Colleague: 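Got a structure for you, written out below as structure tokens; questions coming shortly.
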Amino acid sequence: MTNLLARNTDDNGITTITLNQPDRRNSLSMGMLDALSEALASIAADEATRVVVIAAAGKVFCAGHDLKEIRDQLDSHEFQLALFNRCSEVMQQIVNLPKPVIARVAGVATAAGCQLVASCDLAVAADSAHFATPGVNIGLFCSTPMVALSRNVSRKHAMEMLLTGEMISAARAEQLGLVNRIVDESLLDETVYAMARTIADKSGHTLKIGKGAFYQQMEMPLAEAYQYTANVMAENLRADDAREGICAFLDKRKPEWKDS
């Protein structure tokens with residue numbers, strides 16, 4: 001990895017990507033986005049990885065885009081468009097990654113940092129964490145963060161965050177559905193990795209099918225979604241792991257996954 005990110009895979013197949021630029025508030029500079037994209041592309045093809053955790057070093061999870069970098073390129077529309085397109089690509093890489101992704105949030109997640117949390121499949125936050133989409137306060141509406149945010153919380157709650165730019169607590173973020181759980185910061189790692197191990201214990205092939213189908217059906221009308229997922233389940237039953245899982249359940253034994 002670069003000095004912007006740290007990456008580690010444990011014996012359970014849990015790969016942790018750590019944003020590692022605390023002195024820059026782990027901002028999503030072009031360099032950080034490139035590093036994240038490279039890491040996600042590598043993990044997508046890594047058979048040893050079953051679950052991904054995105055964490056951050058220091059007291060800030062991610063403060064969004066690097067405003068100093070943006071100011072330095074304030075007259076370059078080409079750079080600005082490239083930056084926001086790159087960020088959008090990375091967020092879609094997370095959604096399209098064939099492995100579950102958990103955000104481990106300690107500290108503040110604002111603007112594109114909040115977008116990063118919303119883009120992950122699951123999120124666990126310390127009770128001291130805070131979230132905001134404060135672009136409106138500096139004249140730059142959080143339009144790209146809005147995409148992920150509005151797909152995780154209700155329309156009116158998303159609009160409130162976007163229009164006011166106000167910081168919300170971890171407890172409020174849990175109420176809105178932005179995070180799954182909040183815990184005392186001393187229990188954050190224990191909670192995140194217990195969740196990750198529970199998921200890593202499942203069939204990787206089944207998780208890949210399920211994650212892909214989840215996001216596909218969300219964009220479909222009801223009848224189309226049912227037709228699509230019926231086909232997905234019928235195809236899923238052809239997999240070795242589905243047959244093994246059903247037999248293991250009926251035989252009252254632990255399944256032996258082949259990830260196929």
Side-chain angles (χ1 to χ4, degrees), residues 1-21 26 28 31-57 61-62 86-106 109 112-113 115-125 148 152 179-181 183 188-216 218 232 235-236 239-242 244-245 248 254-260:
M1 301 305 301
T2 70
N3 61 336
L4 301 178
L5 294 178
R7 175 175 165 182
N8 175 68
T9 303
D10 68 15
D11 293 339
N12 297 298
I14 301 166
T15 294
T16 302
I17 300 173
T18 304
L19 309 184
N20 195 32
Q21 213 175 19
N26 296 312
L28 296 181
M32 180 69 86
L33 289 167
D34 285 343
L36 266 173
S37 180
E38 180 182 344
L40 292 167
S42 173
I43 287 169
D46 179 14
E47 293 184 359
T49 296
R50 305 181 70 81
V51 179
V52 177
V53 173
I54 296 182
F61 177 76
C62 179
R86 187 57 158 161
C87 185
S88 299
E89 290 166 0
V90 169
M91 300 304 161
Q92 289 176 82
Q93 276 185 275
I94 293 171
V95 172
N96 294 326
L97 195 74
K99 304 158 195 288
V101 182
I102 304 171
R104 176 204 177 276
V105 189
Q115 178 186 8
L116 179 58
V117 175
S119 296
C120 293
D121 305 307
L122 302 169
V124 179
N152 280 261
V179 301
N180 296 82
R181 301 181 192 176
V183 295
L188 186 56
D189 280 335
E190 178 183 333
T191 305
V192 167
Y193 289 99
M195 178 185 286
R197 286 191 297 273
T198 296
I199 297 169
D201 195 42
K202 317 302 182 192
S203 157
H205 182 67
T206 304
L207 293 174
K208 176 182 177 180
I209 290 172
K211 176 174 173 176
F214 178 84
Y215 290 111
Q216 285 288 329
M218 281 187 68
V232 170
E235 188 63 27
N236 192 168
D240 293 333
D241 282 354
E244 165 63 11
K254 184 177 175 63
E256 297 181 7
W257 305 126
K258 297 180 180 178
D259 288 334
S260 61

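Everything quoted here is computed from the prediction, not taken from an experiment.
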Colleague: Test side-chain contact (heavy atoms from CB on, under 4.5 Å) on Asp121 and Tyr215; report intermediate values, then the result.
Modeller: CA-CA 10 Å; Asp121 305 307; Tyr215 290 111; 2.5 Å; yes
Colleague: If I compare all heavy atoms of Arg104 with all of Ala55, which pair ends up nearest, and what's the gap?
Modeller: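 For Arg104 versus Ala55, the nearest heavy atoms are CD-CB, 3.7 Å.
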Colleague: Heavy-atom count around Lys211 NZ within 6.0 Å, excluding the residue itself: above 12?
Modeller: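 Yes, because the 6.0 Å sphere around NZ of Lys211 holds more than 12 heavy atoms from other groups.
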Colleague: If I take atom CE from residue Met32 and atom SG from residue Cys87, how far apart are they, to the nearest 0.5 angstrom?
Modeller: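 The distance works out to 12.0 Å.
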Colleague: Which residue is it: Ile54, Val95, Leu116? I am looking for the one with a side-chain contact (heavy atoms from CB on, under 4.5 Å) to Val101.
Modeller: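 Output: one option passes, namely Ile54.
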Colleague: Minimum heavy-atom separation for Asn20 and Ala57, please, with both atom names.
Modeller: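 So the minimum-distance heavy-atom pair works out to OD1-CB, 3.6 Å.
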Colleague: Taking Asn26 for its side chain and Gln21 for its backbone only, find out whether a donor-acceptor pair lies under 3.5 Å.
Modeller: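 Side chain of Asn26 to backbone of Gln21: a pair is present.
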Colleague: Quick one: does any side-chain atom of Lys258 pair with a main-chain N or O of Asp240 as donor and acceptor, under 3.5 Å?
Modeller: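 Looks like no, no N/O pair under 3.5 Å.
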Colleague: Please check if the side chain of Gln93 supplies one atom and the backbone of Ser37 the other of a donor-acceptor pair under 3.5 Å.
Modeller: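 Yes, because the side chain of Gln93 sits within donor-acceptor range (under 3.5 Å) of the backbone of Ser37.
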Colleague: State, without any angle test, whether Arg7 and Ser42 hold a side-chain donor-acceptor pair at a distance under 3.5 Å.
Modeller: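 Distance-only check passes for Arg7 and Ser42.
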Colleague: Check the pair Leu36 / Leu4 against side-chain contact (heavy atoms from CB on, under 4.5 Å), numbers first and verdict last.
Modeller: CA-CA 9 Å; Leu36 266 173; Leu4 301 178; over 6 Å; no
Colleague: State the CG-CG distance between Leu207 and Asp201, to the nearest 0.5 angstrom.
Modeller: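 Here the interatomic distance stands at 10.0 Å.
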Colleague: What closest approach, in Å, do Arg50 and Gly204 show between heavy atoms, and which atom pair accounts for it?
Modeller: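 Arg50 and Gly204 have their closest heavy atoms at NH2-N, 3.3 Å.
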Colleague: Just verifying a value: how many Å separate Thr16 OG1 and Ile102 CD1, rounded to the nearest 0.5 Å?
Modeller: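 Here the rounded value is 9.0 Å.
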Colleague: What are the two closest heavy atoms between Val179 and Ala125, and how far apart are they?
Modeller: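 Distance-wise, the nearest heavy atoms are CG1-CB, 4.2 Å.
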Colleague: Could you go through Leu5 and Leu19, starting from their C-alpha distance and side-chain angles, then the distance that decides it, and tell me whether this counts as side-chain contact (heavy atoms from CB on, under 4.5 Å)?
Modeller: CA-CA 5 Å; Leu5 294 178; Leu19 309 184; 3.5 Å; yes
Colleague: To the closest 0.5 Å, what do you measure between CZ (Arg197) and CE (Met195)?
Modeller: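 Here the rounded value is 11.5 Å.
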Colleague: Distance from Ile43 atom CD1 to Glu38 atom CD, nearest 0.5 Å?
Modeller: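 CD of Glu38 is found 10.5 Å from CD1 of Ile43.
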Colleague: Any chance you could measure Gln115, atom CD, to Leu28, atom CG, to the nearest 0.5 Å?
Modeller: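 So the CD of Gln115 and the CG of Leu28 are separated by 8.0 Å.
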Colleague: Taking all atoms of both residues into account, what is the closest heavy-atom pair of Ala56 and Phe61, and its distance?
Modeller: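 Smallest interatomic distance, heavy atoms only, reads CB-O, 3.2 Å.
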Colleague: When Val192 is tested against each of Val105, Leu122, Val124 for side-chain contact (heavy atoms from CB on, under 4.5 Å), which residue passes?
Modeller: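 Between Val192 and the candidates, side-chain contact (heavy atoms from CB on, under 4.5 Å) is satisfied uniquely by Val124.
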Colleague: Can you name the nearest heavy-atom pair linking Asp259 to Asp241, along with the distance?
Modeller: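 Minimum heavy-atom contact is N-OD2, 2.9 Å.
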Colleague: Return yes if some donor-acceptor pair links the side-chain N/O of Asn12 with the main-chain N/O of Ile14 below 3.5 Å, else return no.
Modeller: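 No, because the side chain of Asn12 does not come within donor-acceptor range (under 3.5 Å) of the backbone of Ile14.
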Colleague: Is the count of non-hydrogen atoms from other residues, nucleotides or ligands lying under 6.0 Å from Arg86 atom CZ greater than 12?
Modeller: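 Atom CZ in Arg86 is packed in, count exceeds 12.
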